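Inspection log for the structure reproduced underneath, given as structure tokens.
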There are 2 protein chains.
Amino acid sequence: MKLNTKSRYAVMALADIARFDGKKPVSLRDISLRQSISLLYLEQIFLRLKKNNIVKSIRGTNGGYIISKNINELKISDIFYALDEKVKTVGCKKESKKGCNGKSSKCITHNLWDELDLHINSFFENKKLGDLVKKKESRN
Amino acid sequence: MKLNTKSRYAVMALADIARFDGKKPVSLRDISLRQSISLLYLEQIFLRLKKNNIVKSIRGTNGGYIISKNINELKISDIFYALDEKVKTVGCKKESKKGCNGKSSKCITHNLWDELDLHINSFFENKKLGDLVKKKESRN
DNA sequence: TATATACCCGACTAAAATAGTCAAGATTGC
DNA sequence: GCAATCTTGACTATTTTAGTCGGGTATATA
């Protein structure tokens, strides 16, 4: 059970930007260097962040990305959603062919997986990007 | 972010056995039929459950598996542990080469992943196999 | 004691997902 | 105009997953 790097890098990169919040656009090149993430990979990630209105882009020299909304309102779950990172423990819903088909009594564990999904998702719903930056600063 | 089938099937299979708790060994063949899981795959799974003392085996005709301890004390996390299913959101610890190396200030999000691991693990620590069977029965 | 039923176990493999890279742009600031 | 920066789709190597295969061993019971 693990998070993919796309989602992880996205949060790392956005947290990086958040430290310069509002001041000026941050280029992927800078993020790439500071966070040790491949520039080409970051481009791919930010393409999707942009499409989902998590960030705005500014082209040209001294361009870069800025975060669209207040970092204290940007949920971590929003970021994951943009990257198609879904918590999907269950096969039941999609793989209706085998095992659980809703009414059947086969899938004894159905509720467990549902609860788990809910549990994890609520964690990300309640975490804001701003929380990360604050924590970081208080540690320094 | 998803659970692998080995862990999921393991919980399903054990919940299946738990319904006959204590009475007699349950064969993999029966579980395979009831839960629609490949018999060969189940064998692989139970090999590891046995090695980790989650189940005991009884060989020969009318043999099968029984659950080693009280199902109300068997944590779901014990089952996952037996199958090497680990919650590992973070690359930091293992991939010390890049990014977070403990003292560095690079890995802003380190705490977040740690918290997430804890959050998920505590969910499984608090769930017992017995909970699943009880729920199932109360639904019938 | 033969035989069917069941567990035992390492090795193998096809398919899918992951984690990127590549190539060829389009804008904009200086 | 040229360098920095974003834009975008396609491609690919590697790893992981989700199993299968083949050949065992143990034991109940007829």
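Treat the numbers as computed from the prediction; the structure is a model and nothing was measured. Numbered from 1 within each chain, the chains take letters A, B, ... in sequence-line order.
Counting only N and O atoms by type, the side chains of B:Thr5 and B:Tyr41 include a donor and acceptor under 3.5 Å apart.
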Close N/O contacts between protein and nucleotides 5-14 of chain C (under 3.5 Å):
unit_1 : atom_1 : unit_2  : atom_2 : d
C:dT5  : O2     : B:Thr61 : N      : 3.4
C:dC7  : OP1    : B:Leu28 : N      : 3.2
C:dC7  : O3'    : B:Ser57 : OG     : 3.4
C:dC7  : O2     : B:Arg59 : NH2    : 3.4
C:dC8  : OP1    : B:Lys50 : NZ     : 2.5
C:dC8  : OP1    : B:Ser57 : OG     : 2.7
C:dC8  : OP2    : B:Tyr65 : OH     : 2.8
C:dC8  : N4     : B:Glu43 : OE1    : 3.3
C:dC9  : N4     : B:Glu43 : OE1    : 3.4

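Nucleotide D:dC6 holds its P atom 13 Å from the CG atom of A:Leu49, rounded to whole Å. Rounded to an integer number of Å, the gap from B:Asn4 CG to D:dT15 P is 19 Å. Here D:dC6 presents its C1' atom at 17 Å from CZ of A:Arg48, a figure rounded to the nearest Å. With rounding to whole Å, B:Ile45 atom CD1 is found 11 Å from D:dT20 atom P. Residue B:Lys2 contributes atom NZ, which lies 8 Å from atom C1' of D:dT17 at whole-angstrom precision. Rounded to an integer number of Å, the gap from B:Met1 CE to C:dA17 P is 17 Å. For the pair A:Tyr9 OH and C:dT18 P, the interatomic distance rounds to 14 Å; values are reported in whole Å. With rounding to whole Å, A:Tyr41 atom OH is found 19 Å from D:dT7 atom P.
In this structure, A:Thr5 reaches the C:dA19 phosphate: one of its side-chain N or O atoms is under 4.0 Å from OP1 or OP2. Here B:Ser38 reaches the OP1 or OP2 of D:dT20: one of its side-chain N or O atoms lies under 4.0 Å away.
A:Ile66 forms part of a hydrophobic cluster together with A:Ile58, judged by ILVMFWY side-chain heavy-atom separations under 4.5 Å.
Residues that satisfy the side-chain hydrogen bond (donor to acceptor under 3.5 Å, both in side chains) test with B:Ser7, not counting sequence neighbours, are B:Asn4. For B:Lys56, there are no salt bridge (charged side-chain N to carboxylate O under 4.0 Å, His left out) partners two or more places apart in sequence or in a different chain. Under the rule for a side-chain hydrogen bond (donor to acceptor under 3.5 Å, both in side chains), the partners of A:Asp16 that lie at least two apart in sequence or sit in another chain are A:Arg34, A:Gln35. The salt bridge (charged side-chain N to carboxylate O under 4.0 Å, His left out) search around B:Lys2 returns none, not counting sequence neighbours.
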